[in-house]
Amino acid sequence: ARSCNLLLGRLTKMGNGEGSRKFFKEMMGAGIKPSVFTYNIMIDYLCKEGDMEGAQRLYADMKVLNITPDVVTYNSLIDGHGKLGQLDESICIYNDMINIGCFPDVITYNALINCFCKFGKMPQAFEFLHSMKKSGLKPNVVTYSTFIDAFCKEGMMQEAIKFFMDMRRVGLIPNEFTYTSLVDANSKAGRMEEAVKLIKEMSEAGITINTVTCTALLDGLCKEGKMKEAE
RNA sequence: UCUUCAAAGAGGAC
């Protein structure tokens, strides 16, 4: 069953959705006992497809088979609903897991924070940040990067920079995601000197400048009409 | 390390 899960996970990561659906059915038909991993892989896949009904159906099946959902199961469902803007659903699942005695982890809170930010509910995102801290969890680089990205997109650069400094203060190292949000915001606002400065800072910090970061910068340069510099 | 969270552009629709 474990090697089947490995294969199933590989199929979904490759984007072969049809393949994983079929494989899942075959597993069930072949009498291979699905585990919580098997269900988590399929549920996450359906969530990413936006098929929340399908995901909820599998979640219901788990109960029938006496497979106990774990924090990963709940995190996938919370993220899936949240990305579709079904924020109330996300909160329901969050409450459910707590009632059942499954403790939310950093990923749970990060997913909630991200979705609320993306749908313009920053105040609620902050409430989750507080709940997270209250329950003894420490915000990580993803948590900070998520807020930084949200502030950047809202044009609240002073707040973004504050978080950027805060994270370093608590010993977290900004990564390519963190920098890309900042580069993108400056690039889109036409502050190219600042964007280039950040890129330099990145390479000095030993962070690889990948395609995403690079296109964020190039987009700004092209729109400035500075094709030569872009090259 | 069998599964879950954050970044840019492009395309299609409106």
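Chain identifiers are assigned alphabetically (A, B, ...) following the order of the sequence lines, protein sequences preceding nucleic acid strands; residue numbering begins at 1 within each chain. This is a predicted model, so every value here is computed, not measured.
Among T38(A), V36(A), L58(A), the single residue meeting the side chain to side chain contact (heavy atoms under 4.5 Å, CB included) criterion with I43(A) is L58(A).
The two atoms that bring S187(A) and L217(A) nearest to each other are OG-O, 3.6 Å, heavy atoms only.
A side-chain N or O of T213(A) and one of N210(A) form a donor-acceptor pair less than 3.5 Å apart. With no hydrogens or angles considered, a side-chain donor-acceptor pair links N175(A) and T178(A) at under 3.5 Å. A donor-acceptor pair shorter than 3.5 Å can be found between the side chains of T73(A) and D70(A). Counted by atom type alone, D105(A) and N75(A) present one or more donor-acceptor pairs between their side chains at under 3.5 Å. With hydrogens and angles left out, the side-chain atoms of N140(A) and T143(A) include a donor and acceptor closer than 3.5 Å.
Ion pair D44(A)/K48(A) flagged as a salt bridge, since at least one NZ, NE, NH1 or NH2 atom sits closer than 4.0 Å to an Asp/Glu carboxylate oxygen.
At a threshold of 4.0 angstrom between heavy atoms, the contacts of S76(A) are confined to the sugar-phosphate backbone, with no base atom among them. In this structure, T180(A) reaches the bases: a heavy-atom distance under 4.0 Å links it to at least one base atom across the strands shown. Within 4.0 Å (heavy atoms only), N175(A) reaches at least one base atom of the nucleic acid.
Here the range on RNA chain B touched by chain A, meaning any atom under 4.0 Å from one of its heavy atoms, is C2(B) to G9(B).
For Y109(A), the side chain to side chain donor-acceptor pair (under 3.5 Å) criterion is met by Y94(A), not counting sequence neighbours.
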Quiz: residues 192-199 of chain A side-chain donor-acceptor pairs under 3.5 angstrom, not counting sequence neighbours:
none

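Separation of the F147(A) and F126(A) ring centroids falls under the 6.0 Å cut-off.
In RNA chain B, no run of at least 3 consecutive Watson-Crick or G-U pairs with both distances below 3.5 Å is found.
RNA chain B is contacted by I107(A), N110(A), A111(A), N114(A) of residues 95-115 of chain A, taking any non-hydrogen atom closer than 4.0 Å. At a non-hydrogen distance threshold of 4.0 Å, nothing from residues 124-135 of chain A comes into contact with RNA chain B.
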Q) Going through the distances and angles, do F24(A) and Y39(A) end up as a ring pair (Phe, Tyr, Trp, His ring centres under 6.0 Å)? A) CA-CA 9 Å; F24(A) 178 67; Y39(A) 274 92; 5.7 Å; yes
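Here the straight-line distance linking atom CG of L112(A) with atom CD1 of I93(A) works out to 9.5 Å at 0.5 Å rounding.
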